[in-house]
Every structure is written in structure tokens, then in C-alpha cells.
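Everything on this sheet refers to the single structure shown next.
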Amino acid sequence: MISDANATLLAKLGFAARGVVYLLVGWFAVDAALRGGRIADNQGAIGSIADEAFGPVLLAIVAAGLLGYAVWRLTEAAANPEQIGSDVKGSLKRIGHVVSGIAHLILAWTAAKLAMKTGSRDAAVSPGDESARDWTALLLDQPAGRVLVGAVAVGILVAAFQQAQKAWRGDFIHDLRGDAPAPGYVCTMGRIGYGARALVFLIVSGLFALAAWTAHASDAGGVAEALERLQSQPGGKWLLAMTGIGLALFGAYSLVEARFRRIHVDLPGTN
């Protein structure tokens, strides 16, 4: 059975893996803005690793890290090792941990399939958009399907608000350990990164809200679709480039978290 200490190490590796993924997503966004390349979502960014030197090994490491991060998030939601409150705010935070955990499980599975050469190896694609539309179509086929899709939109909107709140307050920096305060530029990196994520989540929420309103699954979308919508706006080239830089900075901050974040994992049955 995996120990709490090993789970903590996997969680740290997960922050590093998340950092690499967001650095790649940011890079593809900037490249698309300035050189006309293709936009990639998180899964597409992972796919771009496959054809690199030692790609399968790197993908296996990324898969292990993302799995560790997912386990940590789900543990936070279930076992509450960091003493999240039981009020409405705390409940929303724990729901957010569940969603994050499931999302990273999917990313871990994507990386594992590519590492085993059982998945598509096309770089810079956007499978997340297809997945979002497939799930939307499934929900729309259910009774009160438009309400269900609307609820998804609201949930993503709450996540966008939480990201924006972190960007505004900058209190996430207190999660880093160490006797001396973190340098100001580290907090700035994180604030810009969280702000970029808030913008992307806000657009994704709008896409799901549109799908709920029209009852058309094709109107839904994920990260890549959100970035493409940004690119299509007046001045979209620069909007996309700045957002890409923000996402890359979030990736860089995640690497800092991999080294310095305080993490406590309390797996059920290990005590």
C-alpha cells in the first residue's frame, strides 16, 4: 500500500507535471498568436510530448505525477487533511477539489495511453473540445438536460471566480513553505497565471451556458475553443498571446509549488 510520504512525493511530482502541461499550453497559444500555429488544450499539450526524445519515458513520468496530483486533490475532498471548513465556502472548495481530481485523472490516463503507444500521437490537437461536446450531448439527452448543462456552466463560473479571487488577493503564496517570504516576482507570476486561468474558465462557462440556451452540444467547448474565441476578437492576436503568457506563467508557478508548497496527504487507512 502506498504511504502518505510517497503520496506526498507523487503530489509534488504532480505539481511539476501540471507545470509542464501549462507551459506547453501557453507556448502553443503564443505560437498560434504570433506565428499562426495551432492551439492545443491540456490533452493536446500532453500529446505533443510523445514524439520528443524519450517521449514514452517522459509521458510515463507525467502520468505518474498527474495521478499523484489527482489522488492528493481527491484526498483533500474526502479526508480533509488541510482542515477545510464545513461552511458553504468550504463545501465549494471541496467540490472544486473533486472536479480537479477527476480532471487530472483524465489527463493522467491520456498520458499513460500515449506512453504505452495506445493513443493518438497527433501533437497540438484539442481532444478536450470533443470530449466537452460529447458530454454535453449526453447531458442534453437526459430529462431536464438543458438545466444540467446550465449547472455545469455555473460550476465552471464558480471555478473562474475562485481563480480570479486568488489572482486578486495573492494569498495563495502562503501555501509555500519557508521561513523567509517568497520573492515578489513569484507572487506576480502566480497572480498573472491565476488571472489567465480565470479568463479561460469564464469563456468555457459561457460556452456551456450557450449550449444550455440553444440545446446544441456543438456550442460547448473546452480550453482550446476558449482560446480560439479569444483569438477571433478584435485585437485577438494580442489577447491570445497575453493569455498564453499568463498560462505559461501559471505553469512556471506550478514548478515553484512542486519544490516549495506545503503538502499534507492523509490517505484513508494509512494511520
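The basis for the numbers below is simple: all heavy atoms, side chains too, and nothing from hydrogens, waters or symmetry mates.
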Do [X] and [Y] have side-chain heavy atoms sitting under 4.5 Å apart?
X      : Y      : answer
Leu227 : Val223 : yes
Leu247 : Leu23  : no
Leu199 : Ile203 : yes
Val152 : Phe208 : yes
Leu24  : Ile46  : no
Leu202 : Ile156 : no
Leu207 : Arg229 : yes
Leu240 : Val30  : no

Against Gln43, only a single residue in Val25, Leu107, Val21 fulfils side chain to side chain contact (heavy atoms under 4.5 Å, CB included); can you say which?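 Per the side chain to side chain contact (heavy atoms under 4.5 Å, CB included) rule, the option paired with Gln43 is Leu107, out of Val25, Leu107, Val21.
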
Between [X] and [Y], is there shared hydrophobic-cluster membership here, with clusters defined by ILVMFWY side-chain heavy atoms closer than 4.5 Å?
X      : Y      : result
Ile245 : Trp238 : yes
Trp168 : Leu249 : no
Phe161 : Ile192 : no
Val71  : Leu74  : yes

I'd like to know if Glu257 and Arg18 make a salt bridge, using a cut-off of under 4.0 Å between side-chain N and carboxylate O.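 A salt bridge is present here (some side-chain N lies under 4.0 Å from a carboxylate O).
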
[X] and [Y]: which non-hydrogen atoms are nearest, and at how many Å?
X      : Y      : answer
Ala111 : Val62  : CB-CG1, 4.3 Å
Gly37  : Ala32  : O-CB, 3.2 Å
Ala70  : Gly101 : CB-O, 3.3 Å
Ala224 : Ala40  : CB-C, 4.4 Å
Lys12  : Arg261 : NZ-O, 3.1 Å
Val149 : Leu140 : CG2-CD2, 3.8 Å

Assess whether side-chain contact (heavy atoms from CB on, under 4.5 Å) is satisfied between Leu176 and Val186, documenting all intermediate values. CA-CA 10 Å; Leu176 301 183; Val186 173; 4.2 Å; yes

Measuring from atom [atom1] of [X] to atom [atom2] of [Y], what distance do you get when rounded to the nearest 0.5 angstrom?
X      : Y      : atom1 : atom2 : answer
Met116 : Leu59  : CE    : CG    : 10.5 Å
Leu239 : Leu230 : CG    : CG    : 5.5 Å
Glu228 : Asp129 : CD    : CG    : 6.5 Å
Ser100 : Trp72  : OG    : CH2   : 8.0 Å
Leu13  : Leu66  : CG    : CG    : 8.0 Å

Apply the test side-chain contact (heavy atoms from CB on, under 4.5 Å) to residues Asp134 and Leu138: give CA-CA distance (whole Å), side-chain angles for both, the deciding distance (0.1 Å), then the verdict. CA-CA 6 Å; Asp134 289 343; Leu138 180 63; over 6 Å; no

When you measure from the side chain of Arg191 to the backbone of Ala167, do you find a donor-acceptor pair of N or O atoms at a distance under 3.5 Å?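 The answer is yes, because a donor-acceptor pair under 3.5 Å joins these two groups.
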
Output yes when a side-chain donor or acceptor of Asp41 lies under 3.5 Å from a complementary backbone atom of Gly128, and no otherwise.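 Side chain of Asp41 to backbone of Gly128: a pair is present.
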
Quick one: list whatever passes salt bridge (Lys or Arg N to Asp or Glu O under 4.0 Å) with Arg133, sequence neighbours left out.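 Glu225.
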
What do the steps show when you test Arg197 against Val200 for side-chain contact (heavy atoms from CB on, under 4.5 Å), and what is the final call? CA-CA 5 Å; Arg197 288 229 301 177; Val200 172; 5.7 Å; no

Among Phe15, Phe201, Tyr22, exactly one meets ring-ring contact (aromatic ring centres under 6.0 Å, His included) together with Phe250. Which residue is that?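 Filter result, single survivor: Tyr22.
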
Taking the six-membered ring for Trp, are Tyr253 and Phe172 ring centroids under 6.0 Å apart?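 Between Phe172 and Tyr253, which both carry aromatic rings, the centre distance is below 6.0 Å.
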
